[in-house]
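Shown next, in structure tokens, is the structure this report addresses.
Convention: sequence-line order gives letters A, B, ...; per-chain numbering from 1.
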Amino acid sequence: MARTRTALIAGAGATALVLSACGGGSGSGTAAGGSGNGATKVTSIKLVAAEYSKDHTAAFWKQFADKYKAKTGITLDVQVVSWDSIDQQSSTMIQNNNPPDVLNLNVYASYAKDKLLYSADEVLSPAVKSDLLDAFVKSGTYQNKMYGMPDLSSARALFYNKDLFTKAGIAAPPKTWDEFEADAKKIQALPGGNIGYAMPLGPEESQGEFSIWTFNNGGDWKTDGKWAINSAKNVETLAFMKKLAVEDKVTQNNPGKTNRAQAFDLFKSGKAGMVVGFSPLAGALDTDKKVNYGVAPMPTKEAGGTPQTFGVTDYLMSFKKPGNQDAIKAFYDLYYQTDQVNTFIKDEGFLPVTKSGLAVFASDPKLKVYLDTLPNVHLTPTDDPTWDKVKLAVQQNLGAGVGANGDPKAVLDSLQKTAESGG
Amino acid sequence: MADPLQGAVAEPGSTPAAATAPAASPVGSASSDGSSRGRRRRTLHGGTSIWVALLWLGPALLLIFGVVVFPAVQLVRAAFSKYSITGLRLGDAGTTNFKNVLNHSSLPTVLANTVIWVVVVVALTVLISLAVAQFLAKDFFGRKVVRWAIIVPWAASLVITAKLFTMIYDYYYGTLNLILTTLHITSGPIDFLGDDRWTMASMILVGIFVSVPFTAYVFVAGLNAIPDDVYEAAKIDGARPWQIYWRITLPLLRPAMVVASVLNIIYVFNSFPIVYTLNDRNPGFLHDTTITFMYKLAFKSAEKDVGMSAAAGIFNVLLILIVVVVYLRTLKWQEQED
């Protein structure tokens with residue numbers, strides 16, 4: 001017993017040593033104590049940024065940090081983290097009570113709910129805020145205050161392989177689900193083992209694939225502020241997707257277990273006739289120059305419907321820490337300057353989030369199909385903290401609905417239950 | 001297990017004592033309990049020597065506390081805490097996290113997967129490694145090249161190996177399916193990673209592939225340690241090759257076998273990259289082991305609960321501890337039977 005106690009005491013001592021060593025080494029200026037307005041101003045802030053591409057992300061933030069330092073005299077520590085591990089790393093930082101000053105992620109509402117974030121009123125200049133596209137201000141607003149500042153956006157559209165379309169004798173991309181189904185069948189029937197439609201309902205981003213389909217059937221995740229995951233429209237959508245996979249067999253093998261990256265690979269290899277893609281896929285296809293492709297609005301269920309565009313935006317959020325408010329304000333001021341935000345978005349191949357950005361990108365004819373729809377883009381309910389959990393539940397369960405023995409209604413019913421019980 | 005540890009702890013402290021008392025027995029033979037205990041008492045009374053001892057032990061102790069004790073304490077603390085989805089600690093949770101893990105609807109599946117995964121991978125690894133080791137222990141032309149070739153899967157990063165196998169197993173472009181369909185062994189490609197009937201088998205194959213090198217080398221060392229005269233004696237007595245293997249080689253390999261199987265049980269049980277990478281396209285927990293289950297609870301599943309994951313982590317540690325202790329006990333018991 002005595003030995004154990006000695007060990008524990010020694011352990012505590014060593015732990016303290018380790019901890020103080022870590023604290024000393026972080027170089028963060030936030031070590032200054034105190035709270036509220038009287039706190040010492042920070043001399044450095046930390047940004048944890050998601051890695052959109054190996055080539056551009058780190059390079060952009062490096063030049064940004066240099067400009068930021070020159071302008072404000074404050075050092076910006078940038079840590080670029082891959083999407084694979086960013087959830088894990090951000091969670092660990094919060095657990096250790098050591099959040100970054102600015103975090104770049106695809107969710108924010110849970111952080112806002114935990115009262116960890118500055119609202120836009122505190123850190124965003126009015127001029128900057130009024131330049132943001134309304135759809136993104138709305139999606140970044142939790143309980144009447146904006147916490148999630150959009151860093152970039154993307155909109156999904158239907159990519160189709162023109163060569164396969166010609167071979168199958170299809171003149172134009174499909175406008176309705178019936179046309180879509182018929183076209184997919186024609187492509188699947190071509191000799192050479194082609195795939196009509198590459199459908200990724202695996203855990204990577206099944207909520208995205210389902211969103212674009214159901215939005216074009218008048219379905220949604222929430223209606224009038226209430227969860228509507230098992231609405232008739234949604235069930236109909238998932239049943240149609242299952243029909244494509246199981247009865248028509250016009251998708252790749254096992255769509256419920258295919259991730260987006262794998263579906264894109266099938267399209268990039270010229271094997272798949274259609275896939276739902278976004279501008280980075282177009283960038284990759286243009287680099288490869290292997291597939292002759294076109295981009296069209298998503299087909300709607302009924303003839304004559306207005307195609308709905310599914311959009312995604314990621315967020316920058318800033319954590320309340322003593323003395324960092326002005327530094328963060330300066331960060332946003334610089335980021336949303338036209339030459340910064342739009343350079344970043346252009347390099348990464350995404351779409352603008354500001355009104356001034358729309359004008360900058362308007363000159364690019366290839367982006368027209370997305371830009372026209374961007375102001376009315378249809379997003380997932382990222383403003384609801386429950387969505388952060390529902391999204392994960394969707395990713396882990398939706399794919400089962402399009403399996404051979406899948407029951408679309410049962411899957412959506414159980415997701416609805418998850419959502420209603422708060423995730 | 002405790003004896004060598006005690007000996008090791010006593011050694012650095014004993015150095016000054018040995019210097020002042022040249023008559024003391026040399027360090028090598030001091031591992032008997034009585035003498036090491038007596039000597040420790042002497043050094044403790046020596047005043048300064050405990051500080052000298054701490055000085056010597058300091059870096060190692062610091063490392064142990066920083067890398068083992070501190071995280072373990074944090075794990076226990078986390079397991080009894082309630083966390084927000086963001087990772088923010090909201091307060092004490094009591095035993096709720098443990099109950100949530102035990103009541104999780106996928107737990108039976110995950111446990112069954114873990115048993116299959118560990119038992120099949122370790123058993124087949126040991127069997128295959130025995131054969132490979134026999135082969136490697138023989139002297140033949142090019143043995144060096146073959147030995148190096150077998151090290152490769154061991155030296156390569158597990159994530160890279162696993163990624164490589166996702167390509168080999170791929171439904172559309174995978175080399176394995178190309179071979180199978182070209183040779184008309186199967187009528188069409190097999191979805192090795194997506195078809196529920198194949199996923200576990202595909203993962204097990206990779207598990208064996210990366211475990212065999214280490215195990216084979218343990219056996220090679222074991223085979224080399226068996227003196228030649230035993231074999232000579234057996235041959236003179238007219239034993240047939242199979243008898244020699246069964247009656248002499250295998251029993252004398254027993255220590256190597258124990259080491260290899262215990263280490264493999266621990267490695268395979270804790271193996272994360274293979275199961276996670278090969279299974280990443282499959283939603284839910286249908287093919288997860290307790291290790292990937294724990295990870296998904298914290299970061300990927302709808303639970304996204306660090307506290308629950310920490311509780312699962314504690315169950316994992318206990319589980320592997322029990323398995324190893326039971327295994328070693330059984331061996332000891334068998335030994336006594338013999």
Side-chain angles (χ1 to χ4, degrees), chain A residues 7-8 10-15 17-19 21 85 87-88 90-97 99 107 110-116 193 195 200-204 206 252-254 256-259 262 265-266 269 271 385 388-400 403 415 418 423, chain B residues 9 54 57-59 61-74 77-78 81 83-90 106 159 166 170-173 188-191 193-196 199 276 279-287 295-296 298-307 309-310:
Chain A
L8 275 179
T15 309
L17 273 177
V18 172
L19 283 180
S85 63
D87 282 339
Q88 182 185 343
S90 53
S91 166
T92 309
M93 287 177 210
I94 308 288
Q95 276 172 60
N96 294 334
N97 204 7
V107 295
S110 299
Y111 295 87
K113 188 187 171 198
D114 284 347
K115 303 191 183 356
L116 297 168
I195 298 155
L201 274 187
E204 186 185 350
S206 50
Q252 84 284 16
N253 182 55
N254 242 338
K257 297 178 174 184
T258 304
N259 283 331
Q262 293 150 4
D265 283 346
L266 285 172
S269 71
K271 226 177 164 65
D388 296 352
K389 283 200 169 181
V390 172
K391 181 186 79 180
L392 294 166
V394 170
Q395 289 172 347
Q396 294 298 332
N397 294 295
L398 194 65
L415 288 170
T418 308
Chain B
V9 172
L54 269 183
L57 290 174
L61 282 180
L62 212 64
L63 203 69
I64 289 170
F65 285 122
V67 178
V68 180
V69 179
F70 176 61
V73 170
Q74 288 291 81
R77 182 178 163 265
S81 302
Y83 283 95
S84 153
I85 184 175
T86 60
L88 186 71
R89 189 176 182 276
L90 299 175
S106 294
V159 180
T166 56
D170 192 278
Y171 184 81
Y172 288 103
Y173 318 107
I190 295 172
D191 195 357
L193 300 176
D195 187 331
D196 291 334
T199 311
Y276 189 75
N279 187 32
D280 74 341
R281 70 191 61 199
N282 293 318
F285 297 107
L286 203 54
H287 304 294
Y295 180 83
K296 283 187 176 173
F299 303 117
K300 295 284 173 195
S301 70
E303 286 85 5
K304 205 174 179 198
D305 186 337
V306 180
S309 176

Contacting moiety of B:Asp305, where chain A heavy atoms sit under 4.5 Å: neither
Contact origin within A:Gln262 toward chain B - heavy atom pairs under 4.5 Å: side chain
Taking every non-hydrogen atom, the tightest pair across B:Lys304 and B:Phe299: CE-O, 3.9 Å
Residue B:Phe285 versus chain A: region with a heavy atom under 4.5 Å: neither
A:Gln88 portion near chain B, given a 4.5 angstrom heavy-atom threshold: both
Main-chain N/O of B:Lys296 paired to B:Ser301 side chain as donor or acceptor, under 3.5 Å: yes
Within-4.5 Å side-chain heavy-atom neighbours: B:Tyr172 and A:Ser269: no
Side chain, backbone, both or neither of B:Asp170 within contact of chain A (heavy atoms, under 4.5 Å): neither
Residue pair A:Gln396 / B:Lys300: nearest heavy atoms and the distance that separates them: NE2-O, 3.7 Å
Heavy-atom contact with chain B under 4.5 Å, split by part of A:Leu116: side chain
Proximal component of A:Lys271, with respect to chain B [non-hydrogen, under 4.5 Å]: side chain
Heavy-atom pair count under 4.5 Å with chain B, highest-scoring of A:Met93, A:Lys257, A:Lys113, A:Gln95: A:Lys257
Side chain to side chain contact (heavy atoms under 4.5 Å, CB included) assessment of A:Ser91 paired with B:Tyr83: CA-CA 10 Å; A:Ser91 166; B:Tyr83 283 95; over 6 Å; no
For the student: nearest non-hydrogen atoms of B:Ile85 and A:Asp388, plus distance: CD1-CB, 3.8 Å
Most contacts with chain B, counted as non-hydrogen pairs under 4.5 angstrom, among A:Ile195, A:Asn96, A:Leu266, A:Leu398: A:Leu266
Min side-chain heavy-atom separation B:Leu61-B:Leu54 under 4.5 Å: yes
Contact winner vs chain B - A:Ala393, A:Ala400, A:Gly399, A:Pro99, heavy-atom pairs under 4.5 Å: A:Ala393
